[in-house]
> 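Just passing along the structure, written as structure tokens.
First the proteins, then the strands, lettered A, B, ... as listed; each starts at 1.
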There are 2 protein chains.
Amino acid sequence: MARAARKKLKEAPEKTTRIQEINRRLILDAALDVFSTYGFRGTTIDQIAERAGMSKPNLLYYFPRKQNIYVTLLEETLTEWLAPLAEIDAEGDPIEQLRKYITLKINMSETHPEASRLFANEILHGAPAISDFLTKYLKPLVDEKAGVIRRWVGEGKLAPVDPYHLIFMIWATTQHYADFDVQVRAIMGSQVGRPGFKEQTAQAVLSIILNGIRPRD
Amino acid sequence: MARAARKKLKEAPEKTTRIQEINRRLILDAALDVFSTYGFRGTTIDQIAERAGMSKPNLLYYFPRKQNIYVTLLEETLTEWLAPLAEIDAEGDPIEQLRKYITLKINMSETHPEASRLFANEILHGAPAISDFLTKYLKPLVDEKAGVIRRWVGEGKLAPVDPYHLIFMIWATTQHYADFDVQVRAIMGSQVGRPGFKEQTAQAVLSIILNGIRPRD
DNA sequence: CTGCATTTTGACCAAGTAGTCAAGTTTTTG
DNA sequence: CAAAAACTTGACTACTTGGTCAAAATGCAG
């Protein structure tokens with residue numbers, strides 16, 4: 001009994017060794033690549049294991065279920081992905097704040113397209129793994145920022161616009177370049193890779209949205 | 001030999017019987033529901049067969065491969081999905097033409113969200129089945145309409161804006177409501193179902209985009 | 001109504017894949 | 001440095017799933 005108690009005590013803090021840390025990272029990085037390309041069902045554990053450079057049983061030693069990897073990955077990236085929204089400052093200049101937000105989002109789409117695709121895929125399939133997150137964490141955050149935008153509109157600092165639809169519009173346009181990359185490339189061809197393409201994109205998106213919401217006389 | 005020739009002749013017109021017509025329709029309708037929800041890999045033939053109300057071997061009698069159903073479905077809906085773009089009239093009033101286009105797209109997102117999700121999923125995963133379509137059919141069409149928009153800009157009828165990014169923006173914002181429906185619902189809750197929601201959405205999107213591209217003094 | 005063509009299906013197979021296990025290897029620790 | 005703990009893996013199992021097949025049922029033309 002004393003032994004059992006000690007064992008339980010030892011397990012509780014769930015200590016992580018150096019090797020665990022390294023391998024979990026390797027697995028999650030590999031999993032992001034594969035899941036974001038093939039989706040949950042389309043991804044096999046073998047694929048992830050191979051990309052992570054370890055055997056399948058070894059991978060399963062760290063994450064006993066495929067689901068575990070997927071959910072861990074989603075949780076890990078979601079907060080980071082939403083960070084820019086939280087940074088919108090109610091006291092700042094509306095147009096400047098939104099310019100900053102849009103710019104940040106376009107940069108994220110460019111630097112972490114896998115994260116964007118991972119979410120897009122999850123939502124597209126009905127968000128089975130993160131519907132809780134959406135209502136418990138995302139909704140309150142969006143509600144708060146929608147309040148800020150509504151206030152700005154009330155003060156005449158922005159044209160009358162529904163704050164929720166504005167936020168959706170920003171998400172849609174910025175993430176489009178990550179999620180629909182293949183389509184963008186099929187249409188714009190070699191331009192996409194060229195230096196300055198991201199700036200051109202940012203310029204176009206900012207120009208339309210900001211002029212679209214600038215207060216009109 | 002004569003018999004073989006006759007047989008070949010008979011196969012060539014690929015006559016479709018009444019039963020074939022009915023069953024192909026049943027299968028494709030069922031497949032659209034399932035594929036658009038679970039994606040290609042996430043869908044099983046059994047699921048489609050069950051929803052179509054027939055046995056799996058029977059379904060395979062009409063479409064020998066899973067791929068066949070999927071590709072047929074994509075081809076069948078793609079043209080229809082792009083039809084509104086083709087209707088943009090170079091001789092019409094720019095703002096009016098774009099208003100009409102955006103409105104049509106929002107309506108389609110509302111009435112055929114499955115079609116939107118089917119494409120979104122396909123593109124998200126790298127468009128393995130329709131990359132040819134994108135370059136051979138979609139690109140020329142977009143190039144043509146981009147030319148029209150560019151001309152409008154040149155004539156001062158629209159604010160200076162990159163036509164390709166404008167088109168992407170319209171696609172992104174309108175399809176967002178179909179593809180990310182779960183997220184929209186998680187955030188806007190009961191509002192989504194309410195009558196008038198579609199109109200409110202259209203109003204918000206039109207207001208921002210049209211004001212964003214209206215020529216400025 | 002009769003015989004041929006079309007349609008339908010139960011039973012089956014082969015491949016792929018999530019997850020197990022016991023036996024080995026390496027790392028940590030007292 | 002020796003024992004314990006942590007880590008690693010080849011071989012395997014159970015199950016899912018795309019697709020086959022032969023035989024039965026149904027539809028239809030003459």
Side-chain angles (χ1 to χ4, degrees), chain A residues 2-28 30-31 34-35 37-73 128-129, chain B residues 2-28 30-31 34-35 37-73 128-129:
Chain A
R3 195 170 299 180
R6 173 155 351 149
K7 198 181 174 204
K8 206 168 182 187
L9 214 63
K10 210 174 178 182
E11 276 174 5
E14 197 64 47
K15 73 168 178 187
T16 24
T17 69
R18 181 182 54 89
I19 296 178
Q20 271 169 36
E21 214 162 301
I22 293 170
N23 283 344
R24 278 174 175 271
R25 190 69 272 139
L26 279 173
I27 293 168
L28 289 172
V34 189
F35 278 135
T37 309
Y38 302 104
F40 182 75
R41 286 287 304 267
T43 294
T44 71
I45 300 184
D46 290 272
Q47 273 177 294
I48 305 176
E50 196 192 328
R51 192 171 208 107
M54 69 185 69
S55 69
K56 178 167 68 167
N58 198 16
L59 181 149
L60 287 164
Y61 172 74
Y62 294 100
F63 294 90
R65 312 270 144 196
K66 188 183 172 184
Q67 267 279 344
N68 296 158
I69 317 175
Y70 187 67
V71 172
T72 305
L73 199 55
Chain B
R3 194 170 298 181
R6 176 162 344 153
K7 198 182 174 201
K8 206 169 181 184
L9 213 63
K10 208 175 179 181
E11 276 172 4
E14 197 63 49
K15 72 166 180 186
T16 25
T17 69
R18 182 183 53 90
I19 297 179
Q20 272 167 35
E21 214 163 302
I22 293 171
N23 283 343
R24 279 173 175 272
R25 191 69 271 138
L26 279 174
I27 293 168
L28 289 172
V34 188
F35 278 135
T37 309
Y38 303 104
F40 181 75
R41 287 288 303 268
T43 294
T44 69
I45 300 184
D46 290 272
Q47 273 178 293
I48 304 176
E50 197 192 329
R51 193 173 210 105
M54 68 185 70
S55 69
K56 177 166 69 165
N58 198 15
L59 180 150
L60 286 164
Y61 172 75
Y62 294 100
F63 294 89
R65 311 269 144 195
K66 188 183 173 185
Q67 267 279 343
N68 295 158
I69 315 175
Y70 187 66
V71 172
T72 305
L73 200 54

> Between D:dT9, C:dT8, C:dT6, which nucleotide has the shortest distance from any of its atoms to the side chain of A:Ser55?
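Nearest to the side-chain atoms of A:Ser55, counting from C-beta on, is D:dT9.
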> What is the distance, rounded to the nearest whole Å, between atom CZ of A:Arg18 and atom P of C:dT27?
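To the nearest whole Å, that distance equals 8 Å.
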> Expressed as a whole number of angstroms, how long is the span from A:Glu50:CD to C:dA18:P?
14 Å
> Only one of A:Tyr38, A:Phe35, A:Phe63 clears ring pair (Phe, Tyr, Trp, His ring centres under 6.0 Å) with A:Tyr70; which?
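Exactly one pass, corresponding to A:Phe35.
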> Suppose we screen for side-chain hydrogen bond (donor to acceptor under 3.5 Å, both in side chains). Which residues come up paired with A:Arg51, at least two apart in sequence or across chains?
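Per chain and number, A:Arg51 pairs via side-chain hydrogen bond (donor to acceptor under 3.5 Å, both in side chains) with A:Asp33.
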> On DNA chain D, nearest-nucleotide positions of A:Gly53 versus B:Gln67: which is more 5'?
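Looking at DNA chain D, the more 5' nearest nucleotide goes with A:Gly53.
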> Give B:Leu60 one of three labels, base, sugar-phosphate or nothing, depending on what nucleic acid heavy atoms sit under 4.0 Å from its own.
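Base contact - B:Leu60 has a heavy atom under 4.0 Å of at least one base atom.
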> Can you identify which nucleotide, out of D:dG19, C:dG19, D:dT9, has its nearest atom closest to the A:Asn58 side chain?
D:dT9
> Okay, side chain of B:Lys56, backbone of B:Gln47: is any donor-acceptor separation there less than 3.5 Å?
no
> If you check every side-chain atom of A:Tyr61, which of D:dG18, D:dT8, C:dT9 has the closest atom?
D:dT8
> If you check every side-chain atom of B:Pro57, which of C:dA18, C:dG10, D:dT8 has the closest atom?
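Side chain of B:Pro57 sits closest to C:dG10.
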> Considering only C:dG19, D:dT8, C:dT9, which nucleotide approaches the side chain of B:Met54 most closely?
C:dT9
> Given C:dT7, D:dC7, C:dA18, which nucleotide is nearest the side-chain atoms of A:Thr44?
C:dA18
> How is A:Phe63 classified with respect to the nucleic acid when contacts are heavy atoms under 4.0 Å: base, sugar-phosphate, or nothing?
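The answer is nothing, as A:Phe63 stays clear of every strand by at least 4.0 Å.
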> Nearest of C:dT7, D:dG19, D:dA6 to any side-chain atom of B:Ile19?
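For the B:Ile19 side chain, the nearest candidate turns out to be C:dT7.
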